[in-house]
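Just follow the structure's listing: the first ligand is 1, and inside any ligand the first atom is 1. By convention here, the first residue in the shown sequence is residue 1. What you see is a predicted model, and the numbers here were worked out from it, not measured in a lab.
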Amino acid sequence: MSNCIFCAIVAGRAPASVVLDEPDVIAFMDIRPFTPGHLLVIPKRHASGLAELPPEDGAKVFAAGQRIAAALRASDLPIDGVNMFLADGVAAGQEVFHVHLHLVPRRAGDGFGIVARAQSPNRTVLDGTASALRAAVEAYRS
Ligand code: 5GP
Ligand code: ZN
């Protein structure tokens with residue numbers, strides 16, 4: 001997509017600090033890292049969100065993310081854990097509309113966190129939600 005910053009990175013029209021470059025996937029450092037080593041894994045083929053992403057590309061993005069997460073942990077960076085994070089949609093915090101998987105290296109006290117208040121629904125509510133979702137998931141079977 002011509003006006004997509006991540007497509008520009010894929011095409012070499014915009015600079016990036018590349019960590020992994022494969023035929024269908026590229027990973028590069030996030031320009032505004034949450035923690036040292038924060039990087040993004042993206043499919044080279046443009047997809048604005050998960051609904052547009054071919055599952056094969058999603059599988060390759062995740063596999064690359066899994067490999068890089070292991071490499072981060074084995075690296076000299078002070079990393080004790082890794083969060084994977086993907087924002088799909090404005091309400092989820094997506095700002096760049098080319099699918100990307102965040103890999104955020106973690107260590108105790110690094111200040112990174114997701115602000116959330118856990119709810120306590122009873123089993124009836126959980127079962128009701130699961131039932132509605134089962135029907136929705138069934139409708140999306142390929
Ligand atoms: P989102 O909120 O869409 O999940 O995250 C977008 C991420 O892309 C942000 O963490 C932001 O710092 C990063 N980002 C935005 N523009 C650029 C860019 O031009 N180059 C790189 N490397 N990262 C970018
Ligand atoms: Zn793009």
Got [X] and [Y] here, is their nearest side-chain heavy-atom distance under 4.5 Å?
X	Y	value
Arg106	Asp80	no
His102	Leu40	yes
His38	Phe112	no
Phe28	Ile42	yes
Val41	His100	no

Under a 4.0 Å threshold between the charged nitrogen and the carboxylate oxygen, would Glu22 count as salt-bridged to Arg67? yes
Is it true that Lys44 and Asp21 make a salt bridge, defined as a side-chain N closer than 4.0 Å to a carboxylate O? yes
Which of the numbered atoms in ligand 1 are below 4.0 angstrom from a heavy atom of Arg32? 12 (O)
Give the atoms of ligand 1, by number and element, whose distance to some non-hydrogen atom of Gly93 is under 4.0 Å. 1 (P), 2 (O)
Taking [atom] as the reference point, the nearest protein heavy atom with its distance:
atom	answer
atom 23 (N) of ligand 1	Ile31 N, 3.3 Å
atom 6 (C) of ligand 1	His100 NE2, 3.4 Å
atom 10 (O) of ligand 1	Asp30 OD2, 2.5 Å
atom 19 (O) of ligand 1	Ile5 CG1, 3.3 Å
atom 3 (O) of ligand 1	Glu95 N, 2.6 Å

Any idea which part of [X] is under 4.0 Å from ligand 1, heavy-atom wise: side chain, backbone, both or neither?
X	value
Leu40	side chain
Phe6	side chain
Phe34	neither

Treating Ser131 as the side-chain partner and Asp127 as the backbone partner, does any N or O pair qualify as donor plus acceptor under 3.5 Å? no
Are the side chain of Gln94 and the backbone N or O of Ser48 linked by a donor-acceptor pair below 3.5 Å? yes
What heavy-atom pair brings Val61 and Pro43 nearest, and what distance separates the two atoms? CG2-N, 3.6 Å
Considering only N, O or S atoms of His46, the one closest to the Zn ion (ligand 2): ND1
To the Zn ion (ligand 2), the closest N, O or S atom belonging to His98 is ND1
Would [X] count as a polar contact of ligand 1, with the cut-off being nitrogen or oxygen pairs under 3.5 Å?
X	answer
Met29	yes
Ala87	no
Val96	yes

Nearest neighbour of atom 4 (O) of ligand 1 from the list Gln94, His102, His98, His38, on a heavy-atom basis: His102
